[in-house]
Amino acid sequence: MENNGKIERRDLGKTGLKLSSVGFGASPLGNVFGPISDDQAIATVSQAFNSGINFFDTSPYYGATLSETMLGKCLKALGVPRDQYIVATKCGRYNEGFDFSAERVTKSIDESLERLQLDYVDILQCHDIEFGSLDQIVNETIPALQRIKESGKTRFIGITGLPLDIYTYVLDRVPPGTIDVILSYCHFCINDSTLEDLLPYLKSKGVGVINASPLSMGLHTENGPPEWHPASDEIKAACRAAAEYCKQNGKSVSKLALQYSLSNKELSTVLVGMNSVKQVEENVAAALELEATGLDEATLSKVADILKPVKNQTWPSGIQ
Ligand code: NAD
């Protein structure tokens, strides 16, 4: 199948990049959600690209660099021109720990490019900045990323993390236009939509918004989250009940959760972690169905009732 671009493309802030509304989260390629073979990874990425997904996000942290290496193999196997896909990776978070120093992140991009078998990435993001000193991010890491941008090794730069106040802290302290994108996760889901309140501010700063983990890292799946999932038992139980309700009524909680995230078009892309052709097919179909028929409001409303006791509850992250 040709890359027919059937999935909607959305502008990413002021970057000029047009991202597919469903983005490919490559953390599962690092075995983060269970083992995946080279063949399965290549088939999954090919299926994604051939279905119109043009955005792939990874990090040296995922699977202790395995995700980057595997994504590199998969993109090479596609055998298409480099400008046909958009790649984001990160720096500052590693299997060994956090290091947001200029020296480490400057070395990190070279290591990432080698693993990805690429000359440049499209987006380089400081990974989970709430685990570092935000003043170091502002005064040292972002300037280092700007120099990397000037060198041509990345086209755009960004920051990622869980608590939403990290974004205002950093964006209020760097010159306008310095940061091109932010990546927020688990805050635009059926159980937690707190990112919504920040969208006008992010727009005013001219920042593109990548929304990750629409399934809240597995909470909104029939199989449930991985063992390492940081949510409280109360959140997990409520999400399990919501998934069970959907199943009993012949609905898919994953589809509902993805469609809910996709329905806000101010989010440039929704990054879903995928580790099989079947998941790609389901998620692409969910995006196309949403375009055609809109949200399943009746099921969404029932699920919202079930999730109400834990609505907008999150979990601690970082050292701030
Ligand atoms: P997610 O919410 O996308 O959930 C992924 C899980 O859902 C995996 O177990 C996957 O196998 C499963 N899944 C996907 N499609 C499914 C379907 N149709 N049916 C059933 N199960 C399905 O969480 P995620 O993978 O953590 O997030 C997506 C991506 O966003 C990551 O891979 C990563 O690239 C990015 N991300 C970045 C950060 C950060 O920078 N701090 C944090 C979280 C996520």
Side-chain angles (χ1 to χ4, degrees), residues 22-36 40-41 44-45 47-48 53 55-63 66-68 70-71 86-93 98 123-132 158-164 166-167 181-192 195 210-231 239 243 246-247 251-262 267 269-287 289 314-315 317-318:
V22 177
F24 189 96
S27 67
L29 302 189
N31 295 343
V32 170
F33 292 93
I36 171 165
Q40 190 182 342
T44 305
V45 168
Q47 181 69 29
I53 292 177
F55 180 48
F56 299 85
D57 177 78
T58 183
S59 164
Y61 176 64
Y62 300 149
L66 181 63
S67 168
E68 282 190 333
M70 196 72 111
L71 182 62
I86 295 162
V87 178
T89 193
K90 311 194 184 79
C91 59
R93 181 167 202 177
F98 291 88
I123 305 168
L124 179 64
Q125 306 153 108
C126 305
H127 194 172
D128 291 342
I129 59 172
E130 69 270 28
F131 287 92
I159 49 178
T160 85
L162 184 73
L164 292 170
I166 58 174
Y167 298 114
V181 304
I182 67 113
L183 183 161
S184 162
Y185 70 101
C186 293
H187 286 313
F188 205 100
C189 300
I190 49 177
N191 62 311
D192 177 344
L195 176 62
I210 297 170
N211 178 48
S213 308
L215 311 185
S216 205
M217 303 190 299
L219 280 179
H220 305 308
T221 60
E222 276 178 20
N223 291 339
E227 213 194 307
W228 51 259
H229 200 290
C239 294
C246 289
K247 193 176 175 187
K251 307 280 182 180
S252 157
V253 75
S254 301
K255 182 167 96 171
L256 186 77
L258 175 59
Q259 289 182 334
Y260 173 73
S261 262
L262 285 168
L267 307 171
T269 190
V270 176
L271 271 175
V272 202
M274 293 179 257
N275 60 13
S276 68
V277 168
K278 181 169 174 273
Q279 284 183 355
V280 173
E281 285 172 347
E282 283 176 6
N283 295 338
V284 168
E289 184 190 275
T314 184
W315 46 86
S317 179

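Bear in mind that the values here come from a model prediction, so they are computed numbers and not experimental data. Counting starts at 1 for both ligands and their atoms, in listed order.
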Val284 side chain near Val22 side chain, heavy-atom distance below 4.5 Å:
no
Any side-chain heavy-atom pair from Val272 and Glu282 closer than 4.5 angstrom?
no
Quick one: which residue pairs count as a side chain to side chain donor-acceptor pair (under 3.5 Å) with a foot in residues 210-226, not counting sequence neighbours?
Asn191-His220, Asn211-Ser261
Heavy-atom cut-off of under 4.0 Å around ligand 1: list whichever protein residues fall inside it, by chain and number.
Gly25, Ala26, Ser27, Pro28, Phe33, Asp57, Tyr62, Lys90, His127, Asp128, Thr160, Leu183, Tyr185, Ala212, Ser213, Pro214, Leu215, Ser216, Met217, Gly218, Thr221, Ser254, Leu271, Val272, Gly273, Asn275, Gln279, Glu282, Asn283
So, using ring-ring contact (aromatic ring centres under 6.0 Å, His included) as the criterion, who are the partners of Tyr167 when residues are at least two apart?
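In terms of ring-ring contact (aromatic ring centres under 6.0 Å, His included), with neighbours along the sequence ignored, Tyr167 is linked to no residue.
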So, using side-chain hydrogen bond (donor to acceptor under 3.5 Å, both in side chains) as the criterion, who are the partners of Gln125 when residues are at least two apart?
Asp57
Verify whether one side chain among Thr89 and Glu68 offers a donor that lies under 3.5 Å from an acceptor in the other.
yes
